[in-house]
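Note sheet for the following structure.
Start at 1 and go down the list; that is how both ligands and their atoms are numbered.
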Amino acid sequence: MNTAVLNPSKKINLLGMTLKEIEDFFASIYQKPFRAKQLIKWIHQRGVSDFNLMTDFSKELRVLLTDRCEIRSPKVSYEKISIDGTKKWIIDVGENDSVEMVLIPEGDRSTLCVSSQVGCAINCSFCATGKQGFSRNLTSDEIIGQVWIAANSFGLPRTATDRNITNVVMMGMGEPLHNFDPVVKSMDLMLDTNAYCLSKRKVTLSTSGLVPEIDKLSKVSDVSLTISLHAPNDELRNTLVPINKKYPIQELLDAVKRYVESCDDKRITTIEYILIDQVNDSLEIARELADLLMQLPCKINLIPFNSFDESDYVKPSGNRVRRFKDYLIERGYITTVRSTRGDDIMAACGQLVGQVNDKTKRKERLNRAKIEVQAI
Ligand code: SAH
Ligand code: SF4
């Protein structure tokens, strides 16, 4: 339930509510359930936030909704466009916190990379977001609000047939499975035929590997799952993705297998593998990775490490990347190398930080990350 619903002194923000939640709300004001579908279409298919423009509602209903509700997205602080067309938005989510989202146009596709948390508690050693510590989870208004803002950026008024965003990946700031309910609600809206109407294969959740939450997800959703693996053995992965100490590789792969089995169609999981020079990019490691992944139908996406100020890691040479990739292909894996997009505006993978310049705040966030991660 949207927390604002429980707080009568505040206007109820309808932006992040699922169809079911809006139906319940409408029932509470004696409106028929089909009104909820109409409302969701106005919000998410047409990008409308003014109830007075909702012409298929009676005057009384429009007045009542204006009185008690709102459709409020987070504020955009500023936007940047890369020379390659990648667009990054810095989104103000209050109290000096911000998150980033990135839109990557590629031919007739447009992929939106959405944030789920302010910072991240997982603290992977190669990730700029993790280095910022953790501030808080985003609400569903703030998560789906990113999609809403990006969809509106193609121009208003939108029509119900505009489908400008073709793919959404939960790969921005944060660990989406560490913010389970708001992320699942937002993904429901992405899939909802009355809202963004994306297919489950075009909505992707990427995780560092929270095993119980993968099982929990399999009970409520069947979006595409991507695993940020980055190493073929626990010793190495422990140093890169610290949550591996709690959920080691084999437990993670077993959970992925259960997830895939729970989907009613044949799924190939994507394995994300960041390549860091001299750390996890040797041929021996490629061999170990190929052996390990034989147990799972998967394809491998290699991401050459993107640098940022506070990291000593180095991006491997093109030759080393090619060698690693060719070996995996030889072993029969569909293997791609993710092209770096938007790095001139710091919008590439792992470069999203949401700008935390205040030192005291930074310290607080690092402490919060430690507490949060212990609770996982
Ligand atoms: N927390 C989730 C989703 C966000 S991270 C996860 O870890 O999967 C999204 C992707 O960016 C992950 O695959 C992550 O490994 C990658 N990434 C993080 N830091 C990076 C960096 N410095 N260079 C390249 N990719 C990076
Ligand atoms: Fe968090 Fe993902 Fe970055 Fe790891 S890679 S710190 S899980 S955002």
Side-chain angles (χ1 to χ4, degrees), residues 99-102 104 111-135 137-138 143 146 168-180 183 187 203-211 213-214 217 223-231 237-247 252 256 269-277 279-281 298-316 321 336-343 346-354 365-366 368-370 372-373 376:
V99 293
E100 305 187 8
M101 66 161 172
V102 179
I104 309 154
T111 301
L112 185 69
C113 181
V114 168
S115 291
S116 55
Q117 298 183 305
V118 186
C120 182
I122 306 292
N123 196 15
C124 299
S125 61
F126 49 80
C127 176
T129 305
K131 293 269 168 278
Q132 303 291 319
F134 175 76
S135 183
N137 282 325
L138 294 183
I143 299 171
Q146 295 169 61
V168 177
V169 291
M170 298 302 304
M171 287 189 190
M173 292 168 61
E175 166 49 58
L177 290 184
H178 188 205
N179 184 17
F180 193 87
V183 164
M187 294 191 310
V203 174
T204 301
L205 183 142
S206 174
T207 179
S208 56
L210 307 196
V211 166
E213 280 73 19
I214 294 175
L217 186 70
V223 295
S224 296
L225 190 64
T226 286
I227 302 298
S228 291
L229 190 65
H230 313 313
R237 193 165 193 264
N238 287 346
T239 67
L240 298 173
V241 186
I243 200 69
N244 191 70
K245 291 179 204 146
K246 184 142 195 192
Y247 303 117
L252 172 57
V256 176
T269 308
T270 302
I271 300 292
E272 302 274 56
Y273 192 98
I274 183 168
L275 282 170
I276 308 171
D277 191 48
V279 173
N280 64 352
D281 67 340
C298 65
K299 58 185 180 195
I300 303 168
N301 192 16
L302 302 173
I303 319 168
F305 170 70
N306 289 314
S307 60
F308 57 94
D309 276 353
E310 289 158 68
S311 176
D312 296 330
Y313 289 141
V314 173
K315 185 192 276 243
V321 172
T336 47
V337 177
R338 185 182 292 169
S339 58
T340 302
R341 299 287 305 261
D343 61 344
M346 292 296 281
C349 285
Q351 292 181 323
L352 306 184
V353 290
R365 279 181 163 211
L366 291 168
R368 210 167 296 146
K370 278 188 202 141
E372 282 286 325
V373 89
I376 287 177

**Message:** Test of understanding: given a 4.0 Å heavy-atom threshold, classify the contact between N123 and ligand 2 as side chain, backbone, both, or neither.
**Reply:**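 Near ligand 2, N123 shows its backbone, while the atoms from C-beta on stay back.
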
Measure the distance from [atom] to every protein heavy atom, then report the residue, atom name and distance (to 0.1 Å) of the closest one.
atom	value
atom 1 (Fe) of ligand 2	C120 SG, 2.3 Å
atom 3 (Fe) of ligand 2	C127 SG, 2.3 Å
atom 2 (Fe) of ligand 2	G174 O, 4.5 Å

What are the atoms of ligand 1, with element, lying closer than 4.0 Å to any heavy atom of [X]?
X	value
G174	1 (N), 2 (C), 3 (C), 4 (C)
G172	4 (C)
I303	13 (O), 24 (C), 25 (N)
S228	6 (C), 7 (O), 8 (O), 12 (C), 13 (O), 15 (O)

**Asked** Any luck finding a side-chain donor-acceptor pair between S208 and E175 under 3.5 Å?
**Response**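 Yes, E175 and S208 have a side-chain donor paired with an acceptor closer than 3.5 Å.
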
**Message:** So, applying side-chain contact (heavy atoms from CB on, under 4.5 Å) with L252, which one of T207, V241, I214, I243 is it?
**Reply:**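 Answer after filtering T207, V241, I214, I243: I214.
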
**Message:** Which residue is it: I227, T226, L229? I am looking for the one with a side-chain contact (heavy atoms from CB on, under 4.5 Å) to T269.
**Reply:**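 Considering I227, T226, L229, a side-chain contact (heavy atoms from CB on, under 4.5 Å) with T269 is found only for I227.
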
Validation row: [X], [Y] side chains within 4.5 angstrom (heavy atoms):
X	Y	answer
R338	T336	no
S206	P176	no
M171	T111	no
S125	T239	no
I276	L240	yes

**Message:** Could you tell me, atom by atom, which parts of ligand 2 come under 4.0 Å of a heavy atom of S208?
**Reply:**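 So the answer, numbered in order with elements, is 7 (S).
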
**Message:** Out of all atoms in ligand 2, which are within 4.0 Å of some heavy atom of G130? Include the element for each.
**Reply:**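 By the 4.0 Å cutoff, the relevant atoms are 6 (S).
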
Below a 4.0 angstrom heavy-atom separation, can you tell me which part of [X], side chain or backbone, both or neither, approaches ligand 1?
X	value
N306	both
C127	both
E175	both

**Request:** Find the distance between CE (M187) and CG (L205) and round it off to the nearest 0.5 Å.
**Result:** 5.0 Å

**Fill in**
Here the gap from T129 atom OG1 to E100 atom CD, rounded to the nearest 0.5 Å, amounts to 7.5 Å

**ligand 1 N/O within reach of F126 N/O, cut-off under 3.5 Å** = yes

**Item:** Test of proximity, M170 against ligand 1: N or O pairs below 3.5 Å
**Value:**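 Between M170 and ligand 1, no N or O pair is found under 3.5 Å apart.
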
**Request:** Give a yes or no on this: more than 12 heavy atoms of other residues, nucleotides or ligands lie within 6.0 Å of atom NZ of K299.
**Result:**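 For K299, atom NZ is not crowded (no more than 12 foreign heavy atoms under 6.0 Å).
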
**Any donor-acceptor pair under 3.5 Å from Q146 side chain to S115 backbone** =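 It does hold such a pair.
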
**Item:** Contact flag C124/atom 3 (Fe) of ligand 2, N/O/S atoms, threshold under 2.8 Å
**Value:**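 No, C124 does not qualify, because none of its backbone or side-chain N, O or S atoms lies under 2.8 Å.
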
**Request:** Please state whether M173 comes within less than 4.0 angstrom of ligand 1, counting heavy atoms only.
**Result:**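 Per 4.0 Å heavy-atom rule, M173 does not contact ligand 1.
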
**Prompt:** Is C113 in contact with ligand 1, taking contact as a heavy-atom separation below 4.0 Å?
**Reply:** no

**Message:** Could you work out, for atom 24 (C) of ligand 1, the closest of L275, I274, T207 by heavy-atom distance?
**Reply:** I274

